[in-house]
Amino acid sequence: MVLNSTQICITLPPRIHSPGVGGLSYDWYQKFSLPRLEMQIALIFAVTQIVHWFLMRFGLPIFTSQLIAGLLLSQAISWTDEGIQVLGTIGIFGYAFFLFLTGVKMDPSMITRVNKRSFYIGVLPVIAPLLSILPIILSNFNDEDKKNQDVDPKLKTLFLTPCYALTSFPVITVLLSELKILNSELGRIGLSSAIIGDHFSIFLMIAGNILRVWTQVVNHTVALGDLASVISFLVVVTFVLRPAMLMVVKYTPEGKPVYQSCIYAIMFLLMGCLSVTRWFDQFLLLAPYILGLAVPHGPPLGSALVEKFEGMVRSLFVPLFVTSCALRLTTLSIDFSNKMTWVNALVAIVALVVKFLVCLIPPLYNKMPKRDAVALALIMSSKGIVDIGIFAFLSDSGVIEAGHFTFMFILIICVANFVPLMVKRLYDPSGKYAGYNRRNLMDLKSNADLPIVAVIHVPDNVNSVINLLEAACPTKDSTMTVSVLHLIKLSGLATPIFISHQKRLGTNNSSDCYSENVIVAFNKFTGNNWGAVSVNTFTAVSPPSIMHDDICTLALDKLASLIILPFHRKWYIDGSVESDDDLIRTLNSRVLEKAPCSIGILIDRGNMRRPMNVDESLDQPSYRVAMIFLGGSDDREALTFAKRMAQDSMIVLTVAHLRDGDNSQAGTCEDWDRMRDSIVLREVKTNGYINYIEKEVADGPETAMTIHSMVNDFDLIIVGRRNNVESQQTTGLKEWSEFPELGVLGDLLASIDYAGRCSVLAGLILSHAILQDKADVLWTDESIQVLGTIATFGYSFFLFLMGVKMDPGMIFRANKRTLSIALLSVIAPLICAVPIILLSFDPITEHVPKIQTLFISSSFAMTSFPVITLLLSELKILNSELGRLALSSAIIADLFSLFLLIGGTLLGVWIQSGGNAALNDFISVMALFAFVFLVLRPAMLMVIRYIPEGKPMYETCIYVIILLLLVCVYLTRLFNFTLIAPYILGLAIPHGPPLGSALVDKFERMINNLFLPVFVASCGLRLKTLDIQLGDTSLKVNAALAVVSPFVKLIACFLPSYLTKMPIKDALALAFLMSSKGIVDLGLFTFLFDISIIDHNLLGLVFCVILYVASIVPVVVKYLYDPTKKYAGYNKRSLMHWKPYSELPIVSVIHVPDNVSSVINLLEATFPTKENPMIVNVLHLIKLSGQANPIFISHQKKRRTNVTNSYSENLILSFDKFEGNNWGAVSVNAFTAVSPTNLMHDDICTLALDKLASLIILPFHRRWYIDGSIESDNDYIRTLNSRVLEKAPCSVGIFVDRGNMKRPAMPVDSSPDQLPTYTIAMIFLGGSDDREAFTLAKRMAQDTRVVLTVVHLTPENDGSPHHEDWNAVIDNEMLREVKSNGYISFMEKAVADGPETAIIVHSMVNEFDLIIVGRRYNMESPQTSGLQQWSEFPEMGVLGDILASVDHGGKCSVLVVQQQETVTSRSRNQKNDFFS
């Protein structure tokens, strides 16, 4: 029997890469898909940005610019079918991701919470257009129209009607965001209605499609099958996938990121959904939207997906999709003689008009203002990316004709332009803030309730605001209602959220512990002022650009008289700037402009404290407040607030009136203001409990001197903003204002040029060889070409980002050893290859193959920096000594390999095309280098220079760099340097923040998670078979070189390392690292195969070599190199073995600014003196971002590097001040380590090893609010602390700071009855860790201002096992010394078990400022029996865990000490000093 068979031919190599322009026609770029794609994308970006530069001035959205750019390009350039196909594939792929992410950000539960008005506004605009256009369709089509038609035009038009009546939630969300009214009242109504209309529209589209299949197909089982498939899909998504995702969220620890495998699983489901929907005749792109709705919005899963993919989708894929839709236009003329076209045009217009009119009815019926109702109707009638996507899909599917698509294109672009312009004109959300009644402090009735809105951004604001409210003297006679608004940046959500915690709305955000801690703190404030204060808490989750609307709306609803805003700048304890948030500054300015009541901007310099109870024996007031009065309404408002404070007997208020000396009589326009000022001041002068000072000043400088003299005399200074008020007292000051939004006096007090401490109140190998049976079904020429084009495009981005993360400056810092390892690793394989090539080929007849093989040999000898960087990261030795040496060598070898590759390419061109062609290529590549490094890099450095510190990079700069990348890659294809350009351009971009980090953050996640896996798979698809045939001489020689080169490279890297006295195992590990192969080698040989320099046999052999080397190297390196072996201690490095009256070396770790004050206070408490000096090595840890190589900076050497930003500099200033305050007793060395979080422990332990430290101080991973509730819990820091405890070469202390650690104050008098300034307890159970902790406590007790109490807990049934006798002897010896020491209190208590110990410890937490305990990890003893099973933090030991838990309620800080554990018997003389 003869079977019919079909043979499918696949052309390899695919026509992706261009070999250059030599011998090719002028349209060479159209024959190869990748250069064509690069040119298309470059043109699209360039034209779009140019058009938008003009249109943005008229308020038109970027969507319009993208459509017009596509329209211009479609008419100006002749686009090939292949070009549009590849570009359209990428665009639709990105559009699917856009719809998926939009679904992820949507909260479907909003449907259950909408009111009747929103429901009617959502449903009626979808139903009414459908009903209105039915008569038009029925009356304009008859039986004659069915002739010569495959489908009845009447039914066809009828089934298109849901597309005309569609209400799209993504379109409305984007529109409201661009108009910045997302969280306004109109915006919230529009979003609520849109989500109803969107879901109803989806239902109608699915139903209409199934009815279309029912009417067009004779066999109705097809339609029923489609219906069953849709229902099955929805059931699986709703009842299988969503519960599974909710379970993932449930089992993800709070504060931790979702597992990476979950992200990959969701991506797999997304790709599967795109394929599944093709089976049942549904709109292809509905599936990703529905799948996105199944993903739980917000953190951790929804936010992770949005943060990982949205940047690249919005910046690259969506613009490509919109423009590619416009490229489908073949002509702008519309043939209205075609009945199908004009009827559908009429239907579309009628549907739009009816939709608009119907949207007006519900709002007007509910008595919404007419302008607002019209604006809402326009918003609900808007068109956008979803509409253009639907009609582009219908055009591609042949459902609608070209003229029909052209008309809809024009209609969509007109509506997309008209709606935002009209909404801007009709709706102003700030109009409601106009004050019809006076809402300020002055017009508040005496003893009336004071309504205040207090804004919270970060945890530090809680304490500041509560202290200010306490100072405002709330009493039962003069009550206060505080509306606390916690502002959170919108992330992973499309709709802003406003939560009233009194109503306890059922939303995930209301259970957010971050907000809950704010609530708990203010509830405690209410409890402390019962009957005097009423607190209502709210949480607003919205974009930063429109947060001001939440503040002003709340103030309007609550009839507030005052809004308290935190200042945008924070300071360190020494007065240097800690952080500067421009988003908060912009927010404050907008609130000042639009607020419906008075506003106060609180500048907290850390000294704001609640007024303490006054001791009558003290003459010094508990809290000192000053009010500087110049005159005007703002000053009178400030004085009113100050007078309310002065009602508290614990506060002393001083009013300083600065006069201008103008005693002119009535007759000027300012008389009324002067009269009111004098009336207000008369009350102050006659008030006995307010100090009044009057001073005449001549000009602004004299005013500034007066104010500067006051800053150290007061705890709080209150001033009026006096915006744009000219007066003699402030002349000459306004021109020097740094913060004009604060007014002249507020700016003076907020500046950094005075030493005052007062606070201020102012205003991501699949192959034919493996899947041979199914390959012909999966892979065709067309699919391989499209997949390869997309994958190589992503690979170009990968090379670009690796160049961005590289620091070329490392070349100039390399030593001779690094240089020799790098150069030998590249030169040695070439030197060995030359004789093999010369002896294998005939010099006359085989000249060309010889040169070609010589060029290929340079590829075998290449050392790749990206490959080695990725390998070191996977092995987690990136910041080890071996890792740093490998990185330094790799960057030199990589650039040397790059120049060899360029030289080999030029040599090949010279042999094949002649000297002129080679000279042209040489000039071109030199021009590229010159342009990149002499023009682009200086320009980028200038851009960075003019970007304010802490501000993000401008989006325009990102688009320009993408455009330059595409242009450079495209141009270099003319001269055979395809994959070099993105790498070189990346090298020209300054690494790190703000530019390098912005590019990496925006693109790296999607490139690594999606494009790189696809690129590796597409490279494997080029293999026809794994049966390698070594036929001719050239192939045999290349095969020999491919196998021999890695071994030669291995030996060449081993020798210089070994000859410089590196241990053999370390030298071998380094040699294997430098010989590794990876994705760059795979990409290079795939490119050589695509341009026919090598064939599939050599490609298959190279694949096998790369696979073998990439598999064996990490296994061997793991076996040979252990970075922790260097931490083995050769001498005892602990406090017990520290010699008295010698320098005590300490390493202090700093993560965040709050650690600075805590560590300095702890170091002060260790009592450094000139007799007992201390060397403090401060290590500031910063997460590696935007660069590949970790950095370790010694600030004493003052190396020039971008990492020495103000964040590190301010930390250095704080410790320099600490050193100056303890001159001769303390020596400080500051260091900064920029490395991945999972490798930071190596930096800490290495520094402690190098500095012979006796103690490492680590901050605890948890921080608390003032009321004891948890503020933050950083699992990265906890993991870091555990690794340091395991590997440290000395003793370790983990410091748990609860906010009460203060430097011991100087004794006030010498009275023997004076209470101790600082109380410390040391709980002693026995063992090496307890003895270490006790040694540190004794050092602290040498300070006369410190009282130390040692609490010895002994078991009731005393009697130790034999192996513990030696420990007991040492313990008793130390305790004997304490008992005989007069300045240390000693207590001994017998305990029966762990619970009794816990009771004793709990009873101590409120009696001491600091408790020191030993870690005693895994030590069993009767005193702690039964406690270890309940440990929350086992790394802290049993006692440390009890004291660090949240259930003891104490305010004492805790120091948990572990004595040095790792000790070897090796002689120190055996220690290798290679890495010293």
Side-chain angles (χ1 to χ4, degrees), residues 573 612 615 617-620 1135-1136 1138-1146 1148 1157-1176 1215 1217-1228 1254-1255 1257 1293 1295 1297-1324 1330-1352 1374-1388 1404-1413 1450-1455 1457:
I573 55 173
M612 306 292 291
D615 189 340
S617 64
L618 298 177
D619 295 330
Q620 186 72 11
L1135 297 171
M1136 282 189 66
W1138 167 72
K1139 296 179 181 179
Y1141 305 107
S1142 62
E1143 290 182 324
L1144 175 62
I1146 295 178
S1148 297
S1157 177
S1158 305
V1159 169
I1160 289 179
N1161 290 329
L1162 179 62
L1163 294 174
E1164 285 272 15
T1166 56
F1167 194 54
T1169 64
K1170 293 183 179 180
E1171 292 76 21
N1172 285 320
M1174 181 191 301
I1175 298 179
V1176 182
F1215 278 92
K1217 186 173 182 179
F1218 165 61
E1219 182 179 17
N1221 294 336
N1222 297 272
W1223 189 254
V1226 176
S1227 177
V1228 175
S1254 295
L1255 178 65
I1257 299 176
F1295 182 46
D1297 182 24
R1298 289 186 178 270
N1300 65 326
M1301 275 295 292
K1302 295 290 178 285
R1303 311 181 188 189
M1306 295 298 295
V1308 178
D1309 56 47
S1310 56
S1311 171
D1313 297 329
Q1314 181 191 4
L1315 291 175
T1317 306
Y1318 205 67
T1319 55
I1320 301 177
M1322 192 276 142
I1323 303 176
F1324 193 94
D1330 278 9
R1331 294 192 293 269
E1332 189 77 359
F1334 178 57
T1335 304
L1336 180 61
K1338 285 199 301 180
R1339 179 186 173 102
M1340 292 181 176
Q1342 295 175 14
D1343 191 340
T1344 57
R1345 297 166 290 174
V1346 172
V1347 167
L1348 172 63
T1349 301
V1350 177
V1351 181
H1352 183 202
M1374 293 195 73
L1375 292 174
R1376 184 182 299 115
E1377 180 184 341
V1378 174
K1379 296 174 183 177
S1380 61
N1381 195 319
Y1383 60 88
I1384 299 178
S1385 301
F1386 180 79
M1387 298 171 56
E1388 189 167 1
M1404 298 171 58
V1405 294
N1406 290 314
E1407 299 178 8
F1408 298 94
D1409 300 307
L1410 175 65
I1411 297 180
I1412 306 176
V1413 297
K1451 297 292 293 181
C1452 68
S1453 298
V1454 183
L1455 181 63
V1457 181

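Here the structure is a predicted model, which is why all the values come from computation and not from measurement. Values below: every heavy atom of this structure, side chains too, minus hydrogens, waters and symmetry copies.
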Practice task
Give, for atom CE of Met1340 and atom CZ of Arg1345, the distance between the pair rounded to the nearest 0.5 Å.
Solution key: 13.0 Å
Handout entry: Where Gly1224 and Pro1173 come nearest, the two heavy atoms and their spacing
Key = O-CB, 4.4 Å
Handout entry: Met1136 CE to Thr1335 OG1 distance, which is reported to the nearest 0.5 Å
Key = 5.0 Å
Exercise for the section: Report yes if some heavy atom in the side chain of Met1322 is under 4.5 Å from a heavy atom in the side chain of Val1351; otherwise report no. Expected result: no
Handout entry: Side-chain heavy-atom pair Val1454, Leu1410 within 4.5 angstrom cut-off
Key = no
Problem - Set of side-chain contact (heavy atoms from CB on, under 4.5 Å) partners for Glu1407, sequence neighbours left out - result: none
Exercise for the section: Decide yes or no on side-chain contact (heavy atoms from CB on, under 4.5 Å) for Val1350 and Glu1388, but give the supporting numbers first. Expected result: CA-CA 8 Å; Val1350 177; Glu1388 189 167 1; over 6 Å; no
Practice task
Find out whether Val1457 and Val1413 are in side-chain contact, i.e. whether some heavy atom of one side chain is under 4.5 Å from a heavy atom of the other.
Solution key: no
Handout entry: Distance in Å, Cys1452 SG paired with Asp1409 CG, rounded so as to fall on 0.5 Å steps
Key = 8.5 Å
Practice task
Could you pull out all residues at least two apart from Phe1334 that satisfy ring pair (Phe, Tyr, Trp, His ring centres under 6.0 Å)?
Solution key: none
Practice task
Taking the side chain as every heavy atom from C-beta outward, state whether Arg1331 and Phe1324 have any atom pair closer than 4.5 Å.
Solution key: yes
Exercise for the section: Starting at CD1 of Ile1320, measure out to OG of Ser1453 and round the result to the nearest 0.5 Å. Expected result: 10.5 Å
Handout entry: Side chain to side chain, Ile1323 and Asp1330, heavy atoms closer than 4.5 Å
Key = no
Problem - Pairwise side-chain contact, Ser1227 with Glu1219, heavy-atom cut-off 4.5 Å (strictly under) - result: yes
Handout entry: Rounded distance (nearest 0.5 Å) linking atom CG of Asn1172 with atom CG of Leu1144
Key = 8.5 Å
Practice task
Could I get the full list of side-chain hydrogen bond (donor to acceptor under 3.5 Å, both in side chains) partners for Arg1339, not counting sequence neighbours?
Solution key: none
Handout entry: Any side-chain heavy-atom pair of Ser1148 and Leu1163 under 4.5 Å
Key = yes
Handout entry: Inter-residue atom distance Ile1160.CD1 - Phe1218.CZ, 0.5 Å rounding
Key = 6.5 Å
Exercise for the section: May I ask you to test the Thr1319-Thr1349 pair for a side-chain heavy-atom distance under 4.5 Å? Expected result: no
